[in-house]
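Reading through the structure tokens given below for one structure.
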Amino acid sequence: MTLAARAAPENISLSSKPSLVGLTRAGLAEALREKIGTPEREIRMRVAQLWHWIYFQGARDFSAMLNVSKVMRQKLDAHFSLTRPEVVEEQVSADGTRKWLIRMAPVDALDKGAEVECVYIPEADRGTLCVSSQVGCTLNCTFCHTGTQRLVRNLTNQEIVAQLIVARERLGDFPGLTPPDNGLIPSGEGVRAVSNIVFMGMGEPLYNFENVRDAVEILSDGDGLSLSKRRITVSTSGVVPQIERLGAESGAALAISLHAVRDELRDKLVPLNKKYPIKQLLQACRDYPGASNARRITFEYVMLKGVNDSPAEARELVRLLKGIPAKINLIPFNPWPGAPYECSDWSVIEKFSDIVFAAGYASPVRTPRGRDILAACGQLKSETEKLRARARLAAELD
């Protein structure tokens, strides 16, 4: 196992000027009007300039914006910043997976700076960034490490987008930057290190709908970060009332964290099922705007030994999904300290997959990535308390 970590200082100085990084076009326009009195006739042009420099070039300083007048650059610098969240810790797995613990700027006097984790997974033909939408989680799914952490707050659309900005910088994925030399990051002319985004990190995205929707808008804008909406996937545990809105207002691909075919079991694994049972959830999937054989809904199914992995449950899964354009990701359970489950035996997973595949559904078994740094699916949990405890101990020893 190769494991590397870099830690930033515990006390990070933060700019008092608001950052423009992560704002929507409308947000940039409002900032220009309200803070520096930009004339209305210039707003569209100025927003386009800022958009290009922030999201395409990855500019860290207004002085780099050479097609913006010197006077305008000075005004921008006086009122705004281009600060990003701080990378508190970086871990690199033996398989090239990278996990970053990121500290956000405080949102008020009581906030010490929320911390979240995001994960980069390199593959031969793509690079996937798993982003968080909340600090902590409220769902308490019993197989998920993140679910054991209390919810602190929603992330803003700025904080969601900033995770990609940070990742692209660390991966040398902006013009003029150099990628890490480890041979594990997709390369070649026109190839971006981050080509796919999945909202599968900390939190339930549909409990933070507006910020997730606005983040998708920024991520997919062709003049900036330019990720295809077909390559942006939002995963939900089943917040049924928001599923139709997600398709209608964002156009993102949909993934469902399913994991059981019977309500009595799903009530235990995914407690949200008590509010929105399987029948309601699957009807929302049938009605999802834009779903088709070309844009299938992904159903995630974690394989738990002796719990949900029988051939009978595989056949029932096929029956439940009839009529839904679907693919099924089978996820070997990724253990974490104190986990109450074990991963299904490989032969059991293969038999389950064969039954699903024989019924006409793609049923790939997701290869566990980043297990050695607790970066695999279901393993994310912020190290905030641990890091702060270390800081308190160090202060006491001084």
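- Not one N or O on the side chain of Thr97 forms a donor-acceptor pair closer than 3.5 Å with the backbone of Ser93.
- The hydrophobic clustering, which links ILVMFWY residues whose side-chain heavy atoms are closer than 4.5 Å, places Phe209 and Val240 together.
- Taken from NZ in Lys268 to CD in Glu264, the straight-line distance is 12.0 Å, to the nearest 0.5 Å.
- Rounding to the nearest 0.5 Å gives a distance of 7.5 Å between CG of Leu254 and OG1 of Thr236.
- By the 6.0 Å contact criterion, CZ on Phe357 is open, its count of non-hydrogen atoms from other residues, nucleotides or ligands being 12 or less.
- No donor-acceptor pair under 3.5 Å is formed between the side chain of Arg33 and the backbone N or O of Thr38.
- When all heavy atoms of Val348 and Asp309 are compared, the closest pair comes out as CG1-O, 3.4 Å.
- Under a 3.5 Å cut-off, the side chain of Ser235 and the backbone N or O of Ile256 do not form any donor-acceptor pair.
- In this structure, Asn208 contributes its side chain and Asn154 its backbone to no donor-acceptor pair below 3.5 Å.
- For the residue pair Val270 and Ser257, the shortest heavy atom distance occurs at CG2-O, 4.4 Å.
- For the pair Gln49/Met72, no side-chain contact is recorded, criterion being any heavy-atom separation below 4.5 Å from C-beta on.
- The closest donor-acceptor contact from the side chain of Asn211 to the backbone of Leu155 lies under 3.5 Å.
- Going from atom NZ of Lys75 over to atom CG of Asp77 covers 13.5 Å, rounded to the nearest 0.5 Å.
- No side-chain heavy atom of Val261 sits less than 4.5 Å from a side-chain heavy atom of Arg266.
- Taking the side chain as every heavy atom from C-beta outward, Pro311 and Ile355 approach each other to under 4.5 Å.
- Residues Ile218 and Ile160 are not in side-chain contact: their nearest non-hydrogen atoms beyond the backbone lie 4.5 Å or more apart.
- Between Phe352 and Tyr301, a ring centre-to-centre spacing shorter than 6.0 Å is recorded.
- The shortest heavy-atom contact between Cys141 and Ser237 is SG-OG, 4.2 Å.
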#### Entry: Trace of the side-chain contact (heavy atoms from CB on, under 4.5 Å) decision for Phe80 with Ile36
CA-CA 10 Å; Phe80 305 111; Ile36 59 176; 4.3 Å; yes

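- Here the closest non-hydrogen pair linking His259 and Val302 is ND1-N, 2.9 Å.
- Salt bridge absent: Lys99 and Glu89 never bring a charged side-chain N and a carboxylate O closer than 4.0 Å.
- Cluster annotation: Trp346 is connected to Leu330 through the hydrophobic network of ILVMFWY side chains, with a link wherever side-chain heavy atoms come within less than 4.5 Å.
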### Task
Decide side chain to side chain donor-acceptor pair (under 3.5 Å) for Glu350 and Ser347; before the verdict, give the C-alpha distance in whole Å, the side-chain angles of both, and the deciding distance to 0.1 Å.
CA-CA 5 Å; Glu350 286 186 327; Ser347 60; over 6 Å; no

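- Summarising the geometry, atom CD belonging to Glu159 is positioned 12.0 Å from atom CD belonging to Gln134; distances are rounded to the nearest 0.5 Å.
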### Message
Under the criterion side-chain contact (heavy atoms from CB on, under 4.5 Å), I'd like the reasoning laid out for Arg98 against Leu171: C-alpha separation, chi angles, the key distance, then a yes or no.
### Response
CA-CA 10 Å; Arg98 292 169 181 261; Leu171 298 170; 3.9 Å; yes

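- In terms of modelled atom types and a separation under 3.5 Å, the side chain of Asn157 and the main chain of Gly22 share a donor-acceptor contact.
- Shown here are the side chain to side chain contact (heavy atoms under 4.5 Å, CB included) partners of Leu282, two or more places apart in sequence or in another chain: Ile278, Arg286, Phe299, Leu320, Leu321, Ile324.
- Between Asp223 and Arg25 there is a salt bridge, since at least one side-chain N of the basic residue sits less than 4.0 Å from a carboxylate O of the acidic one.
- A donor-acceptor pair under 3.5 Å links the side-chain atoms of Ser353 to the main chain of Ser363, judged by distance alone.
- Rounding to the nearest 0.5 angstrom, the gap separating the CG atom in Asn308 from the OH atom in Tyr341 is 9.0 Å.
- Atom OG of Ser132 sits about 12.5 Å away from atom CH2 of Trp100, to the nearest 0.5 Å.
- Annotation: side chain of Arg168 is in contact with side chain of Leu225 (closest heavy-atom distance under 4.5 Å).
- Using a cutoff of 4.0 Å between basic side-chain nitrogens and carboxylate oxygens, Arg245 and Glu210 are scored as salt-bridged.
- A donor-acceptor pair is defined here as one N or O able to donate and one able to accept, closer than 3.5 Å; such a pair exists between the side chain of Ser195 and the backbone of Gly127.
- Residues Ser292 and Pro325 approach most closely at O-CB, 3.3 Å, considering heavy atoms.
- Under the 4.5 Å side-chain heavy-atom criterion for ILVMFWY residues, no single connected hydrophobic cluster contains both Met45 and Ile54.
- In the displayed structure, Lys229 atom NZ is contacted under 6.0 Å by more than 12 heavy atoms of other residues, nucleotides or ligands.
- Checked for salt-bridge contact, Arg262 and Asp267 miss the test: no charged N lies under 4.0 Å from a carboxylate O.
- Taking 4.5 Å as the limit, some side-chain heavy atom of Ser220 sits within range of a side-chain heavy atom of Ile232.
- When side chains are defined from C-beta on, Glu115 does not count as touching Ile102, because their heavy atoms never get closer than 4.5 Å.
- Counting only distance, with no hydrogens or angles, the side chain of Tyr288 and the backbone of Ala248 share no donor-acceptor pair below 3.5 Å.
- Residue Leu304 comes nearest to Leu269 through the heavy atom pair CD1-CD2, 3.8 Å, listed as atom of the first residue, atom of the second, then distance.
- Glu42 places no side-chain N or O within 3.5 Å of a backbone atom of Pro39 that could act as its donor or acceptor partner.
- Counting heavy atoms from C-beta on, the side chains of Val234 and Leu206 come closer than 4.5 Å.
- Between Arg60 and Glu169, at least one side-chain nitrogen of the basic residue sits less than 4.0 Å from a carboxylate oxygen of the acidic one, meeting the salt-bridge criterion.
- Cluster annotation: Ile197 is not connected to Phe56 through the hydrophobic network of ILVMFWY side chains, with a link wherever side-chain heavy atoms come within less than 4.5 Å.
- Arg103 has no carboxylate O lying under 4.0 Å from a charged side-chain N of Glu86, or vice versa, which leaves the two without a salt bridge.
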### Query
Passes side-chain contact (heavy atoms from CB on, under 4.5 Å), Leu151 versus Tyr207? Steps please.
CA-CA 11 Å; Leu151 177 69; Tyr207 276 155; over 6 Å; no

### Task
Go through the steps to decide whether Met303 and Phe333 satisfy the test side-chain contact (heavy atoms from CB on, under 4.5 Å), and finish with yes or no.
CA-CA 6 Å; Met303 301 298 294; Phe333 173 67; 5.8 Å; no

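- We find that Glu316 and Arg319 are joined by a salt bridge, their nearest charged nitrogen and carboxylate oxygen being less than 4.0 Å apart.
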